[in-house]
Amino acid sequence: MMHQIDWHFPLPRTHTGVPLGNGRTGVLVWGEGNRLCITIGRADLWDHRGGLPWTADQSYTNIWKLLEANDAAGIEELFRPSQSAPEGTPRQPTVLPFGRIELTLHPACRLQTARLALMDGTVTVTYTRGSAHGEMHLLLHPESDVAVVRGTTDVTSITPVTSWDLMREKLEAVGHTAPVTLGLETEAVSGGWFWDLPNDPGAWVAWRLQNELVVAVGRSGDSTRAATAASAALEISADDIEEQSIGWWRRYWRGVASVDLPNRHLQEIHDFGIYLFAGLTNPTGVAATLQGPWIEEYDYPPWSSDYHFNINVQMCYSPAFRSGALDHLRPLFDLVWSWRETLAENARLFAGVSNGYMLPHAVDDRGLCMGAFWTGAVDHGCTAWVAQMMYDYSSYSGDDEFLRDRAFPFMKGAFEVYRAMLEDDADELAMSVSVSPEYRGRSINAWGRNASFQLAALHRLCDNLAAAAARLGESADPRWAEVANRLPEATLIGDPGEQRIALWEGTDLEESHRHHSHLASIVPFSTIDPEDPAWRPVVERSLQHWVARGMGLWSGWCMSWASQIHSRVG
């Protein structure tokens, strides 16, 4: 294992900073010269206004009719966020940027390095002051939203920089107002601000600078309660923060799988990834969004830092299964389970079923669809993929109570929607309208019959349902076996002897694409055995074609998925 990772100043931008996180609050440490910046983000700092509740018009039948009529305008209108939203309010929910504090050191000081001690979750910043050397040590409490900076002798001032200071025009345009100074300077509070939000609890940050700097972050309904909460939060001693933080991190590393790699760079990538996983998914925090707690202060986070369930959430959490950090999955499952009334209503309106669950691909932390991207809204593989995660958690952990009370009901609800989407086609079942995540975006031709991704997702769901029933001693629904036996495992394209896996009927992988979804029967759903003599040549041709299309339009997480595919085929 790598015990430390070094950064070298200047670190000129927020996302070049060294990350600390506890699943809810995130800190990025960066800067240059004699200015050390500490960006503060919150994964739960939502502006919940806007969004798109599912409507009766967004039924599978209506969508099918519009698609077959090639009615692009009709589809766009069906999934357009509400036009009745008041002027000056956002069209969809978003996580909000918050701000940073800037520590100005003595003019003779120059920042040199930032060293992250992985085992301790501690960042050590070194600097020079003439010929002398100094150090500051930063830690974030793993469960309380309080950080400490020790070694502040050369800090001459602390300057707050709020998101309002950096993007006032954007925030003011949708009804936000300026933050206010948090209370009067007291022995407990040296500085801070409170930001009141239009329809949500406000957020505050406060700090105390005495022998060391202690910074606290929180949510409150008004500035008076924020000041009271801040004073109480800052009563914790720096020694307690350090002791509890280091203790948490050492327990974490003892609990996850130890992996030794022969290449130093790969070892660093692995160990830093497992470190980031902890900061992103701490069980006492909130379920991981796209950026988790590491939100830039100067603009809205991309894609609202929402929950994307067509790959992103799954990739964020995949280390839990292999590392053994299974308790880190529970905030996600608790969140999804809390949405079950919304997901059931989605299923009723979309598929006409009374006992289903349907999870759109992009939602806020209340399960509300973000809107506009119609192909994502109808991508039921999102629901099936979460169902697989729940089943895998129960299998890895041996938690039959979770399987019985949550995973099995959720899996059955996902199946009901899929079954309503299927129709009889001679000896087979077929899915006439299906999508492959984000392929062709939201164009009117971004769909087809029997998308391979959806076939794989449904086969995995049926297999897991049968296994879950056996584990729980319950009767299997005969429809699961019917679907498993009559639904194609994948859609193929090409002449006999030259076939490979297609996106959907008649559509090959035409270009480099960031979603490897047509290969989902290999990973993540593992419904096709690449060593099966009947499938092996098909898989090999599919992979050759995929590789030939190249990586030109990939993004970062595409590498991880591709790595898993290559690993499974040896």
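Excluded from the calculations below are hydrogen atoms, water molecules and symmetry mates; all remaining heavy atoms, backbone and side chain alike, are included.
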Original post:
Given Trp504 and Thr507, is the side chain to side chain donor-acceptor pair (under 3.5 Å) satisfied, shown in steps?
Top reply: CA-CA 5 Å; Trp504 51 73; Thr507 299; 2.8 Å; yes
**OP:** Evaluate the side chain to side chain contact (heavy atoms under 4.5 Å, CB included) criterion for residues Arg42 and Arg24: first the C-alpha distance (whole Å), next the side-chain angles of each, then the deciding distance (0.1 Å), finally the verdict.
**Re:** CA-CA 6 Å; Arg42 291 277 297 202; Arg24 180 175 45 252; 3.6 Å; yes
Subject >> Full working for side chain to side chain contact (heavy atoms under 4.5 Å, CB included) between Ile63 and Leu67 >> reply: CA-CA 6 Å; Ile63 293 166; Leu67 293 173; 3.8 Å; yes
Original post:
For Arg442 and Glu76, what are the C-alpha separation, side-chain angles and deciding distance, and is it a salt bridge (Lys or Arg N to Asp or Glu O under 4.0 Å)?
Top reply: CA-CA 9 Å; Arg442 61 186 188 195; Glu76 285 292 320; 3.6 Å; yes
**OP:** Go through the steps to decide whether Asp200 and Arg366 satisfy the test salt bridge (Lys or Arg N to Asp or Glu O under 4.0 Å), and finish with yes or no.
**Re:** CA-CA 13 Å; Asp200 293 278; Arg366 296 176 178 176; 3.8 Å; yes
**OP:** In sequence, state the C-alpha distance, the side-chain angles, and the governing distance for Leu503 and Ser452, and then conclude on side chain to side chain contact (heavy atoms under 4.5 Å, CB included).
**Re:** CA-CA 6 Å; Leu503 271 292; Ser452 290; over 6 Å; no
**OP:** Test Tyr300 against Val174 for side chain to side chain contact (heavy atoms under 4.5 Å, CB included), laying out the working first.
**Re:** CA-CA 12 Å; Tyr300 289 113; Val174 290; 3.5 Å; yes
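Formation of a donor-acceptor pair under 3.5 Å by the Asp400 side chain with backbone atoms of Leu403 is not found in this model. Although no hydrogens or angles enter the test, the distance criterion places no donor-acceptor pair under 3.5 Å between the side chain of Arg49 and the main chain of Pro90. In this structure a side-chain-to-backbone donor-acceptor pair under 3.5 Å is present from His545 to Leu509. Of the possible polar contacts, one joining the Ser512 side chain to the Gly550 backbone as a donor-acceptor pair under 3.5 Å is found. With hydrogens and angles ignored, the 3.5 Å screen pairs a side-chain donor or acceptor of Asn450 with a backbone N or O of Met431. Between the Ser436 side chain and the Tyr439 main chain, no donor and acceptor come within less than 3.5 Å of each other.
Looking only at side-chain heavy atoms (C-beta outward), Pro93 and Met370 come within less than 4.5 Å of each other. The side-chain heavy atoms of Val569 and Val539, taken from C-beta on, include a pair separated by under 4.5 Å. Considering only heavy atoms from C-beta on, Phe321 comes within 4.5 Å of Asp392 through its side chain. Between Leu543 and Leu519, some side-chain heavy-atom pair lies under the 4.5 Å cut-off. Looking at Glu296 and Gln291, their side chains come closer than 4.5 Å, going by heavy atoms from C-beta outward.
Here Tyr317 and His328 keep their ring centres 6.0 angstrom or further from each other. Aromatic pair Phe453/Phe525: centroids less than 6.0 angstrom apart. For His566 and Trp546, the ring centers are positioned less than 6.0 Å apart. Aromatic rings from His380 and Trp385 are positioned such that their centres are separated by 6.0 Å or more. Ring pair Tyr391/Phe408: centre-to-centre distance not below 6.0 Å. Aromatic ring centroids of Trp64 and Tyr60 lie under 6.0 Å apart. Checked against the 6.0 Å centroid criterion, the rings of Trp374 and His361 do not qualify as a close aromatic pair. Ring-centre distance between Phe373 and Phe79: not below the 6.0 Å cut-off.
Salt-bridge check for Glu474 with Arg404: failed, with every basic side-chain N at 4.0 Å or more from each acidic carboxylate O. With respect to the salt-bridge test (charged N to carboxylate O, under 4.0 angstrom), the residues Asp529 and Arg536 do not qualify. Using a cutoff of 4.0 Å between basic side-chain nitrogens and carboxylate oxygens, Arg440 and Glu510 are scored as salt-bridged. Under the 4.0 Å criterion applied to side-chain N and carboxylate O atoms, Arg514 and Glu438 are assigned as salt-bridge partners. Ion pairing between a basic and an acidic side chain is recognised when a charged N comes within 4.0 Å of a carboxylate O; Glu345 and Arg340 show no such pairing. A salt bridge is defined here as a Lys NZ or Arg NE, NH1 or NH2 lying under 4.0 Å from an Asp or Glu carboxylate O, and Asp427 with Arg486 fails to meet this definition. A salt bridge links Arg330 and Asp399; the closest N-O separation between the charged side-chain nitrogens and carboxylate oxygens is under 4.0 Å. A salt bridge does not link Arg348 with Glu416: none of the charged nitrogens is closer than 4.0 Å to a carboxylate oxygen. Residues Asp425 and Arg449 are paired through a salt bridge, judged by an N-O separation under 4.0 Å between the basic side chain and the carboxylate.
Closest non-hydrogen pair, Val256 versus Ala325, comes out as CG1-CB, 4.1 Å. Residues Ser434 and Gly448 come closest through the heavy atom pair OG-O, 2.7 Å. Taking both residues in full, the closest heavy atoms of Leu359 and Cys382 are given as O-CB, 3.5 Å, listed atom of the first, atom of the second, then distance. Looking at every heavy atom in both residues, Ala43 comes nearest to Thr289 through O-CG2, 4.3 Å. Nearest heavy-atom pair, Pro142 versus Asn22, reported as atom, atom and distance to 0.1 Å: O-CB, 3.3 Å. For the pair Trp535 and Ala490, the tightest heavy-atom approach, listed with the atom from each and the gap, is CH2-CB, 4.1 Å.
Atom CD of Glu68 sits in a crowded spot, with more than 12 heavy atoms from other residues, nucleotides or ligands closer than 6.0 Å. Summarising the local packing, CE of Met559 is surrounded by 12 or fewer heavy atoms from other residues, nucleotides or ligands at distances under 6.0 Å.
Going from atom CG of Leu492 over to atom CZ of Arg541 covers 9.0 Å, rounded to the nearest 0.5 Å. Annotation: the span from Ser318 atom OG to Arg322 atom CZ amounts to 8.0 Å, rounded to 0.5 Å. Atom CH2 in Trp294 sits 14.5 Å away from atom OG1 in Thr14 (nearest 0.5 Å). The CZ atom of Arg264 sits 10.0 Å away from atom CD of Gln267, with the distance rounded to the nearest 0.5 Å. For the atom pair Leu66 CG and Thr61 OG1, the distance stands at 11.0 Å (nearest 0.5 Å). For the atom pair CG (Leu349) and CD (Gln58), the distance works out to 8.0 Å, reported to the nearest 0.5 Å.
Cation-pi geometry between Lys412 and Phe410 is not met: the NZ or CZ atom fails to fall both under 6.0 Å from the ring centre and inside 45° of the normal.
Between Phe272 and Tyr275, the ring-plane angle classifies as parallel under the 30° and 60° cut-offs. Relative orientation of the Trp561 and His516 rings is tilted, given thresholds of 30° and 60° on the angle between their planes. Using the six-membered ring where Trp is involved, Trp248 and Tyr252 have ring planes that are parallel, under 30° apart on the 30 and 60° scheme.
Counting only N and O atoms by type, the side chains of Gln388 and Gln314 include no donor and acceptor under 3.5 Å apart. Judged purely by distance below 3.5 Å, without hydrogens or angles, the side chains of Ser521 and Arg460 never pair a donor atom with an acceptor atom. Using modelled atom types and a 3.5 Å distance limit, the side chains of Asp379 and Gln454 yield a donor-acceptor pair. At a cut-off of 3.5 Å, with distance as the only test, a side-chain donor of Asn282 or Thr284 sits close to an acceptor on the other residue.
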